[in-house]
Amino acid sequence: MKEYLLLLLMTVFLFSCQKENVSDVKAFADVSEPVVEHVNISLTDDQLKELLSTTTSVLPETRSLYFDVEYKEDIDFWSSKGLAVILFGASWSGPTKIYLPIFKSYAESCAYSKAYFGYCDVDDFEDLASKYGIKSVPTTVFIRYRDVVSTSVGILSTDTLKALTNQYKVDE
């Protein structure tokens, strides 16, 4: 009798384990969203420039683009495509901390596809700050096809940003 009971318990146990595995497989198979794995690929500066130059055609056609300057060539690259509006600031600057959210918000809402808004930290890129004559932060520089067309020192309102962007925008 003990053997029969033990065999019955083992059968129930195995059946329940098998059932859990089946439901786990079904739950795994019912995932409605595709799984995307993170892949880290190291690129040289030249490879990154080539990638950016070949993928700019897939950028949104009806919206501007916001970027953080990560390479000293970024400003030349984006300003060669149209109007680049660059905010030169510093992480320690109170006025920059106030202005940066205003700048980003306008950049994300701007409807010009050839307007590129960037933030450049002067402590990270002293050579760019010197090249564009930055003496205090925040300073907003409007660059159209690699030519500086306007420089404004201090915090700009959204209306002022809009007016200057309209004034210097590139025909689409």
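Computed from heavy atoms alone, side chains included, the values below leave out hydrogens, waters and symmetry copies. Position 1 is the first residue of the sequence, and the numbers go up from there.
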Minimum heavy-atom distance between I86 and C120, given as atom pair plus value: CG2-CB, 4.1 Å

Salt bridge (charged side-chain N to carboxylate O under 4.0 Å, His left out): pairs with one or both residues in residues 144-158, sequence neighbours excluded: none

Minimum side-chain heavy-atom gap V141-I134 below 4.5 Å: yes

Euclidean distance, D68 CG relative to L87 CG, rounded to 0.5 Å: 10.0 Å

Donor-acceptor contact present, side-chain D76 to main-chain E73, <3.5 Å: no

F77 and I75: CA distance, side-chain angles, deciding distance, side chain to side chain contact (heavy atoms under 4.5 Å, CB included) verdict: CA-CA 5 Å; F77 176 80; I75 295 174; over 6 Å; no

Non-hydrogen side-chain atoms of I155 and P138 separated by less than 4.5 Å: yes

Result of checking Y119, Y116, Y71 against W78 for ring-ring contact (aromatic ring centres under 6.0 Å, His included): Y116

Side-chain touch D121/S91, heavy atoms, less than 4.5 angstrom: yes

Heavy-atom pair with the smallest gap, counting every atom of V122 and A129: CG1-CB, 3.9 Å

Heavy-atom side-chain contact between L83 and Y112 under 4.5 Å: no

Value rounded to 0.5 Å, distance of CG in L65 from CD in E108: 10.5 Å

Whether over 12 other heavy atoms sit under 6.0 Å from E126 CD: no

Whether Y66 and F103 hold their rings parallel, tilted or perpendicular, with breakpoints at 30° and 60°: perpendicular

Nearest non-hydrogen partners of L164 and S150, listed with the distance: CD2-OG, 4.3 Å

Distance in Å, L156 CG paired with I102 CD1, rounded so as to fall on 0.5 Å steps: 9.0 Å

L161 with Y168, same ILVMFWY side-chain cluster at under 4.5 Å: yes

Distance-only donor-acceptor check, side chains Y132 and T139, under 3.5 Å: no

Reported CG-to-SG distance for the pair N166 and C110, which is rounded to 0.5 angstrom: 7.5 Å

hydrophobic_cluster_shared for F125 and V148, side chain cutoff 4.5 Å: yes

Same apolar cluster (I L V M F W Y, side chains within < 4.5 Å links), V153/W92: no

Worked check of ring pair (Phe, Tyr, Trp, His ring centres under 6.0 Å) between F117 and Y106: CA-CA 9 Å; F117 294 82; Y106 176 70; 5.6 Å; yes

Gap between atom CG of L100 and atom NZ of K104 - 0.5 Å precision: 5.0 Å

